[in-house]
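Note sheet for the following structure.
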Amino acid sequence: MTPHIPKTVRKSPYLPFGDHKNAPFYGMDILSVRQFKRDDLEYIFGVAHEMAGMVRRVGTFDLLKGKILANLFYEPSTRTSASFTSAMERLGGSVIPINEVRYSSVSKGESLPDTVRTLEAYADVIVLRHPEVGSAALAAKYASKPIINAGDGVGEHPTQALLDLFTITEEMNRVDGLTITMVGDLKYGRTVHSLARLLTLFNVRLNYVSPDILPMPEDVLAEVQASGTPQASYSTLEEVLPESDVIYVTRVQKERFADEAEYEKVRSSYVISPETLKIAKEDMIVMHPLPRVGEISMDLDTDPRAAYFRQVEYGLYVRMALLAMVLGKA
Ligand code: ASP
Ligand code: CP
């Protein structure tokens, strides 16, 4: 992990009672997957395992009792917003939900730096989703409490990539040696930008399948290349499906298109159905960050290889782990 002075320690003379300031990640922002090394991932996933066990045994417990999370969402969300809320509440903490910024003072023109500096007076950690690349880093520059990037435009979605990787480790029992194929909107899909970067910490092969106008961005390709991870781009899934251990399907990101006619041309480029998977391995998995809007047909849901709703549940445990860690309790 990149050296980082825990922000709460730096800016506030008052260390909240009971916080372990030497805990890894204490007071840290989570802005990009570039922050993590393999050891960090093992640590996070170890804590996530413990969280899963606790949820199964007791449901809710008091690890973060007295802590408050501000959930600040400038873009729509179901999973990220609800899972951070659930994570905080299962850990005994509470949440200030600002899921509709149009009802907040943002609609009066309040800036992001002012909004986060206000919310941190009330909360111990801020989860932020915003349409602009770099918004989480900007918020972190002004806030003294930890900022967790819940998606910054077409930039990154680091906690999604962590839960995606946790899903792969839980479902496949390993990451090294796997062939992972990303399908769909690789240009605007922030989850694949984060996941491809994170996977460079492992010995994997990456395949990209996308419409011509929605390729993986050059900066991500360059980072993957620099890591020595083998990667290749294709236009049809059939070419690479038989060798894939994971296919990671994404939605064409309608909200990023300036021209709706362009979106209409590519929206149905790939549809995964039981028929599609006839040439796939028996023990592969199909993932999707969700929401899906037609890329995976519902009749695939009963196939044991359909991992996307299990992936949702893994997300809860990973986000519980992250909250406990940045708040110095794990
Ligand atoms: N929910 C994910 C995101 O916010 C993926 C998507 O919306 O397609 O990036
Ligand atoms: N996967 C994901 O980020 O879902 P939401 O957009 O519903 O939060």
Side-chain angles (χ1 to χ4, degrees), residues 30-33 48 69-88 95 97-101 126-136 147-168 182-198 208-211 214-217 220 246-257 263 266-272 285-296 301 306-320 322-323:
I30 298 175
L31 303 178
S32 162
V33 292
L69 159 71
N71 234 0
L72 178 59
F73 281 68
Y74 290 70
E75 283 189 336
S77 169
T78 297
R79 276 145 293 272
T80 313
S81 166
S83 64
F84 270 113
T85 299
S86 174
M88 199 63 188
V95 181
I98 306 194
N99 288 346
E100 282 278 12
V101 286
I126 298 173
V127 170
L128 173 70
R129 172 171 289 184
H130 192 282
E132 277 161 40
V133 175
S135 50
I147 299 287
I148 299 180
N149 181 2
D152 61 332
V154 301
E156 281 219 32
H157 194 345
T159 68
Q160 177 74 44
L162 292 171
L163 80 86
D164 292 341
L165 191 65
F166 187 58
T167 302
I168 296 172
M182 300 179 180
V183 188
D185 184 348
L186 308 184
K187 178 177 180 185
Y188 297 127
R190 55 193 170 200
T191 70
V192 284
H193 303 164
S194 288
L195 184 59
R197 287 184 173 117
L198 198 58
Y208 311 125
V209 178
S210 71
L214 300 173
M216 189 62 98
V220 180
V246 175
I247 64 167
Y248 188 100
V249 186
T250 63
R251 170 180 73 92
V252 178
Q253 309 276 297
K254 183 178 183 187
E255 64 274 35
R256 312 288 179 214
F257 283 69
Y263 166 73
V266 287
R267 62 179 292 187
S268 307
S269 301
Y270 304 99
V271 178
I272 319 297
I285 55 168
V286 180
M287 296 175 62
H288 193 308
L290 303 176
R292 66 174 157 184
V293 287
E295 315 79 47
I296 299 178
D301 297 357
Y308 29 91
F309 289 112
R310 299 193 293 274
Q311 189 180 348
V312 169
E313 184 180 340
Y314 294 126
L316 172 67
Y317 309 132
V318 168
R319 289 179 171 136
M320 288 174 77
L322 294 173
L323 289 174

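Remember, it's 1-based here, ligands and their atoms both numbered in the order they're listed.
- Inspection of the Asp164 and Tyr314 side chains reveals no N or O donor paired with an N or O acceptor under 3.5 Å.
- Ligand 1 is never approached by Arg79 to a heavy-atom distance shorter than 4.0 Å.
- Scanning all protein heavy atoms for the shortest distance to atom 7 (O) of ligand 2 gives Thr78 N, 2.7 Å.
- Between the side chain of Ser81 and the backbone N or O of Ser77, no donor-acceptor pair lies under 3.5 Å.
- The closest donor-acceptor contact from the side chain of Tyr308 to the backbone of Leu290 lies at 3.5 Å or more, if one exists at all.
- The shortest N/O to N/O separation between Leu290 and ligand 2 falls below 3.5 Å.
- Within ligand 1, counting atoms from 1 as listed, the ones closer than 4.0 Å to a heavy atom of Arg129 are 4 (O).
- The pair Asp185-Arg190 does not count as a salt bridge, with every side-chain nitrogen at least 4.0 angstrom from each carboxylate oxygen.
- Checking side-chain atoms of Asp152 against main-chain N and O of Gly134 turns up a donor-acceptor pair under 3.5 Å.
- The closest protein non-hydrogen atom to atom 4 (O) of ligand 1 is Arg190 NH2, 2.8 Å.
- Judged purely by distance below 3.5 Å, without hydrogens or angles, the side chains of Tyr188 and Thr250 never pair a donor atom with an acceptor atom.
- A donor atom on one side chain and an acceptor atom on the other are found under 3.5 Å apart for His288 and Glu295.
- Considering only non-hydrogen protein atoms, atom 1 (N) of ligand 1 sits nearest to Leu290 O, 3.0 Å.
- Those atoms of ligand 1 that come under 4.0 Å of a heavy atom in Pro291, given as number and element, are 1 (N), 6 (C), 7 (O).
- Residue-ligand proximity, Arg251 to ligand 1, at heavy-atom distances under 4.0 Å covers atoms 6 (C), 7 (O), 8 (O).
- Per-residue contacts place Gln160 under 4.0 angstrom from the following atoms of ligand 2 (heavy atoms of the residue considered): 1 (N), 2 (C), 3 (O).
- Ligand 2 has no N or O atom lying under 3.5 Å from any N or O atom of Ser81, backbone or side chain.
- Looking from atom 4 (O) of ligand 2 to the surrounding protein, the closest heavy atom is Arg79 NE, 3.0 Å.
- The environment of Glu313 atom CD is sparse: at most 12 non-hydrogen atoms of other residues, nucleotides or ligands sit within 6.0 angstrom.
- Remark: among candidates Glu295, Gln253, Arg292, the nearest residue to atom 8 (O) of ligand 1 is Gln253, based on non-hydrogen atoms.
- Ranking the protein heavy atoms by distance from atom 6 (O) of ligand 2 puts Arg129 NH1, 2.9 Å first.
- When only modelled atom types and interatomic distance are considered, Ser194 and Glu156 share a side-chain donor-acceptor pair under 3.5 Å.
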